[in-house]
Structures are given as structure tokens and as C-alpha cells.
Amino acid sequence: MIALPEKTACTDSKPRARPAADRVVIDRMRFQPSTHVPSLARSRFTPAVAVLAVLCLLIGARAQADVPFQFQQDDVVAIFGNGLADRMQHDPWVETLLQANLTGKNVRFRNMSFSGDTVTQRPRNEGFTNDAEYLEHVAPSVVWMMYGYNESHAGRAGAAAYEKQLIQLVEKYRALRREKGVDVRFVLFSPIAYENTGNPHLPDGKELNANLRVFTQATENAADAVGATFVDLFTPTRDLYENTDEPLTINGIHLNARGYRKLADVIARQLVGESSTTGESLSLIYDAVKDKNWHWHNRYRATDGNDIWGSRSTLSFVDGQTNADVLVHELKMLDVMTANRDVVIWAAAEGKAINPDDSNVPPPVAVKSNIGGGSASSSAAKEGSTDYLSPEESLKKIRVPEGFELNIFASEVMFPDFANPKWQPGDELKDSLMIFEDVDRDGVADRRKIFARVHNPLGFEFWGGGVLVTSGPDLLFLKDTDGDDKADVRYPILQGLGTSDTHHAANNLIYGPDGGIYWQSGIFLVHNHETPWKQNLLTGGSGMYRFDPRTFAITPIAANSPNPHGTSFDRWGYLYANDGTGGKSYQVRPKGNGFQ
């Protein structure tokens, strides 16, 4: 056997991989469609490399049949990473293209990524199932790791620590899976490059790209050390930015839908040796993957985690029924529903459109009402009554300031779906943003349109010709571009909003006179936001935040606890904040280097 020079790869029209011990790096390929002559991946040329070049020519025909990563029958792929991986759930082109090339293999993908995550920091709210426990729950045979962006803000000096931490994490997960008798395979992805879109509100990315290149090498080194497959995303995305007219990111660091479509081609070529870019089944697969992702997302990123696994999960109500009794069972329902949608994806890959069969999903736990039930965790004062006032009766009880008048513009009586009952797995999602129209100008709504279905919206504001709306853990941007009063543009403009207690999660969005979007959020919440500017913002602070949708910078403004609801500017631009628990209002004013 002839020893290959360190870090040297022979490349041809299809990338390939070797066994873990003597793996050839899958990176930096420059293919010329008009030629089949292999080229060297490194510019350094030595006699040993010359021998390698001859060998590449001799074995090229055989190597072309190889692929860099071999999916196996019934593989389960667990994806850990930062916002790059997290956003793949919303624009699921990567799984779509892979499934199109994996017909009959019945591969399952489970995304366990969070915006802001790093190799060593994966902050979650109290009681959240940790990564080791989720590794056992998902039981993967393959683990993808997609880190490096957030760590790169430490600069070149931080690359060695990142490399060491990545090695340690692989070894940890490998040991955990071996305890279960599984020899898990690992794929380590480099961070993508930063795209300079020319937007004057964003950095040019020169320094960041220099750092990302170093962290790409560190990722490759870690893959070498642990015998994992390495996939370079930095070089291909940098080249794509240079050769694409339209932007592929929303802010330089987060890919848009076009960007994920391009990234899917890159990953598919490197993991299955080809990319299925045509075929009517792609849209069928895409829709099936998106539906599966939505169910898994509501399982893994379940909102109100404080009631599911946190401090309020053990609160006991009528006949001892606890929050966990009801909500943990819903997670089990979602597990089954997610698995049922894998079957739909596999059928779509074969060009077949089928509906998910949820007949095996256990029914939800019946919730016993507190009202009149003598609950130990409630009282008559808290329970109130189910005899609700009519809109007209409610109107009579409201004290209206002098010079104002009040009328009923819209109500549940006029529009029954205005009243939205509790959602549970299996139900149709009814949360939405609605448009109410007063056609005859009499001060009463005549019709309503559903602008967009949005899970658990707590606040919205008009911006950029569309609407920003909270749908934890995401802040969504929605826009109607064809005039039909329905959002046809939809993407998360910011991720990482805390959701463990949704009744005081990010709420009451207000467009400030300075162009920022303001909101408040309360206790029990963990926020982790990625920006193009610096290290991710990780905070559990209860209070007010400011997000600039032009620069994508987010900043804590002032503390306010425990249940802050309500933000307002007056005509002079002074800022005010309310607290829902004490019912107090405060003026937010400068103090030292911050505000109070």
C-alpha cells in the first residue's frame, strides 16, 4: 500500500469517501463538467503527490462508483447543531433531496438543533430532556453535527478549544450509543460562509469569513481525529455566493429558501454522490417532510415546557391529575404522529401521495375542569364562571373616558371561529392572524379573512410591507405579495425566543420611533439568539428587548419581572412598560450605561 500524503485528496467528477481509519477528506472540490481528468485538492505538489495523481487516474473508474457516506437501511439520523440546522426544519430541502435519492431505504431524520447552540452550551429551561436522554429516545444510527458559527466569534484563538470540544462530544455520543449496542456513524459539517449581500446595515463579513475558514479546518481536524465523515460547507457556499445573482441568505449568516435549496444540492452530492434536482416527486416529498417536521418540532420544541417537565409539571388538580399527566402524554402522541409521517415521506419518494394513518395514535388524556371541582391547586376566586357575558353586556361594564366612545367591531358571536379552543395533537391548527373588513364603513366588521395560520401568536407588528409575528421559538415575517390578503412569504427572521411559559413569552410587539421592534417577556424563559455581529445572545432575563430587523441585532433594554405585558411609546417618544402581575406601569429611562 502506498501511503498518501497527509490531508491530500484525489478528486474526480463525483466525491467519495474511504473507511474511517484512512478517510479521504470530502472538501473543496472544483469540478469542470467538460472534463473527466481528476485534479488535486491541494496546490502543494511533491513527488509523492505525483504518484497519487497517477493512482487517481488508474483507479478513477472504480472510485466514481463510491460515495462519501453510505446510508444504510432503516437509518435514523439525529441532527445536532445551531441555527443553520434548526432552520432546515422550515426550509426542508436537505432532507427532501436526500429522501429523493434514498428510495426504499426508509431513513428517518430527527432535528434536535437549537438556534444559538454551541458544542458545549445547549441551554434549555428547567427539566428539559438533556441531549444524552434524547439520544437514547431517538436511538440514532447516524449523528450529524453542525456547529462552528457561534464559536467562530471567539476568533482564531478559539479554534483549538472548539476542535477539542467537538472531539469530546463525538466520543461522548459514541460511548452512549455503544452502551446500547449501536456503532453510530458521525458526519461533521463545517459552518457555511458569510455572504456579503451589499446591505449597508450588515457587516461585510471579511473578518468573520477569515474566522469561519479556520473553524472549518478545526472541524475537519476533529473529523480526522474521531474517524468521522467531514463535509465542507464553507467553500461551496462561498463559491455559490460569488456566482449567484440573488442573495442566498436573509442576513449574511442565515440561509433563505433559495440558499437551502442550493445547500441541499451540496450536501446530497457529498453524502449520496448525486443530487436529484428534477422530478415531480420533489414537491410531494417537500410537503411531506415539512408536515413531519412540524409534528416533530412540536414534540422536541414543545411550548410551555415549564408545565410539561418544569417546576409546574407536578401541580395537581382535580382527582390528583397533574400537568405532566396530560402534557407528557401529548409528547407521546406526537412521537407516533411523527413516525407515521415518515411513511408518507417514503411513499412520496416513490411518487405516491398518501395520507398519514394516525389510527395508532393514543387518544388524548381527558382534562378535568377545575371549575367546581375542588382542585387543591385552585380556588373559587381563581376559577370564575363559565357563564360568560355577551359582547353587549361586557360593553356596558367598561368605563369609557370622556370624549371617547366604544362599540363592538367584531365578536365571537359574529365570527364563531374567533373563539379558539385549546389545541392538542390531532386537532386542526386554528391559531391565526385575521383581517376584519368594515365594507360599509359603519364601524362594524362585515367579513374576515385568515391572513396566515400561526401557532400561538402573542404579538404582531407591521414592518417591511408585511407583518412580524411571534410564534415561539421563532419571530416570523409574513407578507402578501399577490394581493389576495394571504401571506405567501413566510420565514423566521429571528429564532431563539423562550417558550417555556407562553403566557408571558415575547408579546405585544411595538414599532419604536427609532425603527426597532420592542417586546417584553417574563420569567422561566431561556432566549438564545444568533446575529451577524457577535457571539449569540444567551439570556434568561425578564424584561424588555429591542430587535432591529434591518441589522438583525437584538438587545436587552430594561429588566421587568415577573409577568411583563404591554409596551408603549407616547407622542414624545417616551417608552413605557407594564407588569401583568402587580398591574404597575413604568417609564423606561436611562440609568448609567443602560435603562431602568
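Values below: all heavy atoms of this structure, side chains included; hydrogens, waters and symmetry mates excluded.
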May I ask you to decide whether Asp484 forms a salt bridge with Lys486, counting only side-chain N to carboxylate O separations under 4.0 Å?
no

I would like to know whether Lys449 and Glu437 meet salt bridge (Lys or Arg N to Asp or Glu O under 4.0 Å); could you show each step before the answer?
CA-CA 8 Å; Lys449 299 177 182 177; Glu437 293 185 76; 3.3 Å; yes

Minimum side-chain heavy-atom gap Pro532-Pro203 below 4.5 Å:
yes

Separation between CG of Leu97 and CZ of Arg261, rounded to the nearest 0.5 Å
4.5 Å

Hey, is Lys430 close enough to Asp417 for a salt bridge, meaning N to O under 4.0 Å?
no

Quick check for you: to the nearest 0.5 Å, what is the distance between Asp501 atom CG and Arg312 atom CZ?
5.0 Å

Cation-pi geometry met for Arg301 and Phe114 (6.0 Å, 45°):
yes

Heavy-atom side-chain contact between Lys479 and Asp488 under 4.5 Å
no

Measure up the His527 and His529 rings against each other and bin them: parallel (under 30°), tilted (30 to 60°), perpendicular (over 60°).
parallel

Please determine whether ring-ring contact (aromatic ring centres under 6.0 Å, His included) holds for the pair Trp144 and Phe80, giving the CA-CA distance in whole Å, both sets of side-chain angles, and the decisive distance to 0.1 Å.
CA-CA 6 Å; Trp144 289 8; Phe80 292 91; over 10 Å; no

Please test His504 against Asn563 for side chain to side chain donor-acceptor pair (under 3.5 Å), starting from the C-alpha separation and ending with a verdict.
CA-CA 6 Å; His504 57 212; Asn563 290 310; 2.2 Å; yes

Please tell me whether Asn111 and Ser113 have a donor and an acceptor in their side chains that are separated by less than 3.5 angstrom.
yes

Check whether the ring centres of Trp533 and Phe552 lie less than 6.0 Å apart, and answer yes or no.
no

Pair Arg87 + Asp91, salt bridge at N-O below 4.0 Å:
no

For Asp307 and Ser313, run side chain to side chain donor-acceptor pair (under 3.5 Å): C-alpha distance rounded to whole Å, both residues' side-chain angles, the deciding distance at 0.1 Å, then the answer.
CA-CA 4 Å; Asp307 291 327; Ser313 63; over 6 Å; no

Report the distance from atom CG of Leu458 to atom CZ of Phe460, rounding to the nearest 0.5 Å.
12.5 Å

Strictly below 4.0 Å, N to O, side chains only: are Glu195 and Arg238 in salt-bridge contact?
no

Parallel, tilted or perpendicular: ring planes of Tyr518 versus Phe569, cut at 30 and 60 degrees
perpendicular

Tightest non-hydrogen contact, residues Ile250 and Asn256, listed as CG2-CB, 3.9 Å

Partner set under ring-ring contact (aromatic ring centres under 6.0 Å, His included) for Tyr260, not counting sequence neighbours
none

Taking the six-membered ring for Trp, are Phe436 and Phe418 ring centroids under 6.0 Å apart?
yes

Heavy-atom side-chain contact between Leu84 and Leu255 under 4.5 Å
yes

Side chains of Asn536 and Thr531: closer than 4.5 Å at any heavy-atom pair?
no

Run the side chain to side chain donor-acceptor pair (under 3.5 Å) test on Asp570 and Tyr576 for me, step by step, so that the C-alpha distance in whole Å, both residues' side-chain angles and the decisive distance to 0.1 Å come before the verdict.
CA-CA 8 Å; Asp570 65 17; Tyr576 299 88; 3.0 Å; yes

Arg258 vs Thr244 side-chain heavy atoms within contact, under 4.5 Å:
no

Value for CZ (Arg110) from CD (Gln89), rounded to nearest 0.5 Å, stands at 11.0 Å

For the residue pair Thr118 / Asn150, report whether a side-chain donor-acceptor contact shorter than 3.5 Å exists.
no

Pair Asp579, Lys584 - check salt bridge (Lys or Arg N to Asp or Glu O under 4.0 Å), show working.
CA-CA 6 Å; Asp579 172 58; Lys584 296 180 180 179; over 6 Å; no

For the atom pair CG (Leu497) and OG1 (Thr499), what is the distance rounded to the nearest 0.5 Å?
8.5 Å

Could you check whether any side-chain N or O of Thr551 sits under 3.5 Å from a backbone N or O of Leu202, counting only pairs where one atom can act as donor and the other as acceptor?
no

Could you check whether Ser311 and Asn306, counting side-chain N and O atoms only, form a donor-acceptor pair closer than 3.5 Å?
yes

Going by ring-ring contact (aromatic ring centres under 6.0 Å, His included), name the residues that satisfy it together with Phe234, two or more places apart in sequence or in a different chain.
none

Give a yes-or-no answer on whether the side chains of Asn211 and Ser152 include a donor-acceptor pair shorter than 3.5 Å.
no

So, Asp474 versus Ser471: side-chain donor-acceptor pair below 3.5 Å or not?
no

In terms of side-chain heavy atoms, does Asn560 have a donor or acceptor partner in Gln520 at a distance below 3.5 Å?
yes

Would you say the side-chain atoms of Asp86 pair up with the backbone N or O of Asn82, donor to acceptor, closer than 3.5 Å?
no

Taking every non-hydrogen atom, the tightest pair across Leu525 and Ala505:
CD1-CA, 3.7 Å

Backbone N/O of Gly541 and side chain of Thr539: donor-acceptor pair under 3.5 Å
yes

More than 12 non-hydrogen atoms from neighbouring residues, nucleotides or ligands closer than 6.0 Å to CD on Glu207, yes or no?
no

Could you go through Ile267 and Leu233, starting from their C-alpha distance and side-chain angles, then the distance that decides it, and tell me whether this counts as side-chain contact (heavy atoms from CB on, under 4.5 Å)?
CA-CA 8 Å; Ile267 292 177; Leu233 300 180; 3.9 Å; yes

Kindly indicate whether the side chain of Leu135, heavy atoms from C-beta on, has any atom under 4.5 Å from the side chain of Val143.
yes

Throw together a table of side-chain donor-acceptor distances under 3.5 angstrom for residues 400-412, partners on residues two or more places apart or in other chains.
from   : atom 1 : to     : atom 2 : distance (Å)
Asn407 : ND2    : Gly443 : O      : 2.8
Ser411 : OG     : Val413 : N      : 3.3
Ser411 : OG     : Met414 : N      : 3.4

Could you check whether Asp117 pairs with Arg122 (Lys NZ or Arg NE/NH1/NH2 to Asp/Glu carboxylate O, under 4.0 Å)?
no

How are the rings of Tyr300 and Trp296 set relative to one another: parallel (under 30°), tilted (30 to 60°) or perpendicular (over 60°)?
parallel

Note, Tyr545 side chain near Ile517 side chain (heavy atom, < 4.5 Å)
no

When the ring centroid of Phe215 is compared with that of Tyr162, is the distance short of 6.0 Å?
yes

When you look at CZ of Arg156, are more than 12 heavy atoms from neighbouring residues, nucleotides or ligands closer to it than 6.0 Å?
no

Supply the atom-to-atom distance Met145 CE to Leu166 CG, rounded to the nearest 0.5 angstrom.
6.5 Å

Does the pair Asp514/Arg546 count as a salt bridge with the N-to-O cut at 4.0 Å?
yes

As a quick check of understanding, evaluate side-chain contact (heavy atoms from CB on, under 4.5 Å) for Asn298 and Leu331, giving each step before the final call.
CA-CA 8 Å; Asn298 279 282; Leu331 301 185; over 6 Å; no

Does the side chain of Val526 come within less than 4.5 Å of Leu538's, by heavy atoms?
yes

Verify side-chain contact (heavy atoms from CB on, under 4.5 Å) between Leu468 and Ile493, making sure each step is shown before the conclusion.
CA-CA 8 Å; Leu468 296 171; Ile493 194 170; 3.9 Å; yes

Minimum heavy-atom distance between Ala506 and Ser521, given as atom pair plus value
N-CB, 3.6 Å

